[in-house]
2 protein chains.
Amino acid sequence: MPTASTRSTPSPTGLQCRMALLGADVRLTPHRREVFEVLASSTDHPTATDVFDRVKARTPSISLATVYNCLEHLTSAGLIKQVHLERGQSRYCANLHEHVHFHCETCGKVIDAHPAADFDPAKFWVLPKGTKVTRMDIAIHGTCDACAAKS
Amino acid sequence: MPTASTRSTPSPTGLQCRMALLGADVRLTPHRREVFEVLASSTDHPTATDVFDRVKARTPSISLATVYNCLEHLTSAGLIKQVHLERGQSRYCANLHEHVHFHCETCGKVIDAHPAADFDPAKFWVLPKGTKVTRMDIAIHGTCDACAAKS
DNA sequence: ATGTAAAATTAGAATCATTCCAATTCTAAT
DNA sequence: ATTAGAATTGGAATGATTCTAATTTTACAT
């Protein structure tokens, strides 16, 4: 099923670019590349086992341990992000644009939502002085359109 | 818009009031009361086992299963909140005022931070139409003053 | 008071996600 | 080609949480 012609999102070259831009310090092994590509072409914030299943479709020999390992390296290289919306499995996403996650509490779906304008989060909360902010995680929980319609 | 903040150890009576106000549907058993009191007098966002240890100091016979059970009931009654800052243990907090969590990635400390003014989160992100928002979780990650000073 | 049904509590087993480990294979630079 | 350092692997180990089935407590009707 994986044909080069249907390759969506970033090509390996795109990945290399991205890595260069980010000064990412990861060796680009075939497995890591595949894990990244699966993630880059997914918009549903898959869990580690979701990624495992998808990568396995192309590379049946890969192990779950390797997927975890790849996800960890890609995360610490800044190429992907780990998302924690609720207890249980971590989810992963390759969307590095500033965004927040909408989480439907009924069907579990996760949707990226983008800031309305030039939103500067830092100025909205009073933090103790001396605090250094590195990142923010914003999760909006509720009911998606489809689930809201059903009830 | 929030009321004057009296953030001290709520008395059992305070808890009853709170329950009444919230229309909370939990039977107020001694264990649940103790779990709630431990949480209400903690500002460090303890984990379930932290709560277990603290409650056990007063009620050595309590079991971890009961603590989990109490935390779940108190959470679904809206008396406390479950917090997920990173993967691993859930944390709990009894501060129901609107606030966000600052998480120090160095020492793990969690600090409540309050919105600067009349902050209306809903208007900052573009959500698909039909979406119904029930709550937001905002986590700010970084380095606390003390840890920043050390490095 | 007493009996009863429902809810709470318990210890321990089971589950689930993740991490660790030790052995093997691959890679990149001598 | 050699070799050290990574990457990968399967499986074991861990840690947090949930489940289960038995027991106790509670609220309420009698």
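Worth knowing before you read on, the calculation uses all heavy atoms, side chains too, and leaves out hydrogens, waters and symmetry mates. The chains referred to below are lettered A, B, ... by the order of the sequence lines, with proteins before strands, and numbering in each begins at 1.
Comparing C/dC20, C/dT18, D/dA16 by their closest approach to the side chain of A/Ala65 singles out C/dC20. Distance from the side chain of A/Gln89 is smallest to C/dT18 among C/dT18, D/dT17, D/dT8. For B/Asn69, the listed nucleotide lying nearest its side chain is C/dT9; candidates were C/dT9, D/dT8, D/dT9. Residue A/Ser61 places its side chain closer to D/dT9 than to any other of D/dT9, D/dT17, C/dA11. Among the nucleotides D/dT17, C/dT10, D/dT9, the one closest to any side-chain atom of B/His31 is C/dT10. Closest to the side chain of A/Ile62, out of D/dT9, D/dT8, C/dT9, is D/dT9. Picking from D/dT9, D/dT17, C/dT18 the nucleotide with the shortest atom distance to the side chain of A/Leu64 gives C/dT18.
The separation between B/His84 atom NE2 and D/dA16 atom P is 13 Å, rounded to whole Å. One atom, CD of A/Gln82, and another, P of C/dA17, lie 14 Å apart when rounded to the nearest Å. Atom pair B/Arg33:CZ and C/dA8:P shows a separation of 15 Å (rounding to whole Å applied). Across the protein-nucleic acid pair, A/Leu28 atom CG and D/dT8 atom P stand 10 Å apart, rounded to whole Å. One interatomic measurement links the two molecules: OH of B/Tyr68 to C1' of C/dT15, which rounds to 13 Å at whole-angstrom precision. As a whole-Å value, the separation of A/His73 NE2 from C/dT19 C1' is 13 Å. Atom CG in B/Leu71 sits about 14 Å away from atom P in C/dA8, given to the nearest Å. Atom CD of B/Glu86 and atom C1' of D/dA16 are 14 Å apart (whole Å).
Taking a cutoff of 4.0 Å between a charged side-chain nitrogen and a carboxylate oxygen, B/Arg54 and B/Glu34 do not qualify as a salt bridge.
A/Ser41 places a side-chain N or O within donor-acceptor distance of the main-chain N or O of A/Glu37, the cut-off being under 3.5 Å.
Residue A/Thr66 is in base contact, counting any heavy-atom pair closer than 4.0 Å across all strands shown. Here A/Thr47 lies out of heavy-atom contact (under 4.0 Å) with every strand. No contact: B/Thr49 has no heavy atom under 4.0 Å from any strand.
In this structure, B/His141 and B/His103 have perpendicular ring planes: the angle between them is above 60°, well past the 30° mark.
With a 3.5 Å ceiling on both atom-pair distances, the Watson-Crick or G-U wobble partner of C/dA17 is D/dT14.
OP1 or OP2 of C/dT9 lies within a sub-4.0 Å distance of a side-chain N or O belonging to B/Thr29. Using a 4.0 Å cut-off, some side-chain N or O of A/Arg32 falls inside it from OP1 or OP2 of D/dT8.
Where B/Tyr92 and B/Pro30 meet DNA chain D, the nucleotide closest to each residue was compared, and B/Tyr92 sits on the side nearer the 5' end. Where B/Ser63 and A/Ser90 each meet DNA chain C at their nearest nucleotide, the meeting point lying more 5' is that of B/Ser63.
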Practice task
May I have the step-by-step check of side-chain contact (heavy atoms from CB on, under 4.5 Å) for A/Gln89 and A/His84, ending in yes or no?
Solution key: CA-CA 8 Å; A/Gln89 293 160 275; A/His84 300 115; over 6 Å; no

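If you look at A/His45 and A/His101, their ring centroids are closer than 6.0 Å. Aromatic rings of B/Phe52 and B/Tyr68 (six-membered ring for Trp) have centroids beyond the 6.0 Å cut-off, not under it.
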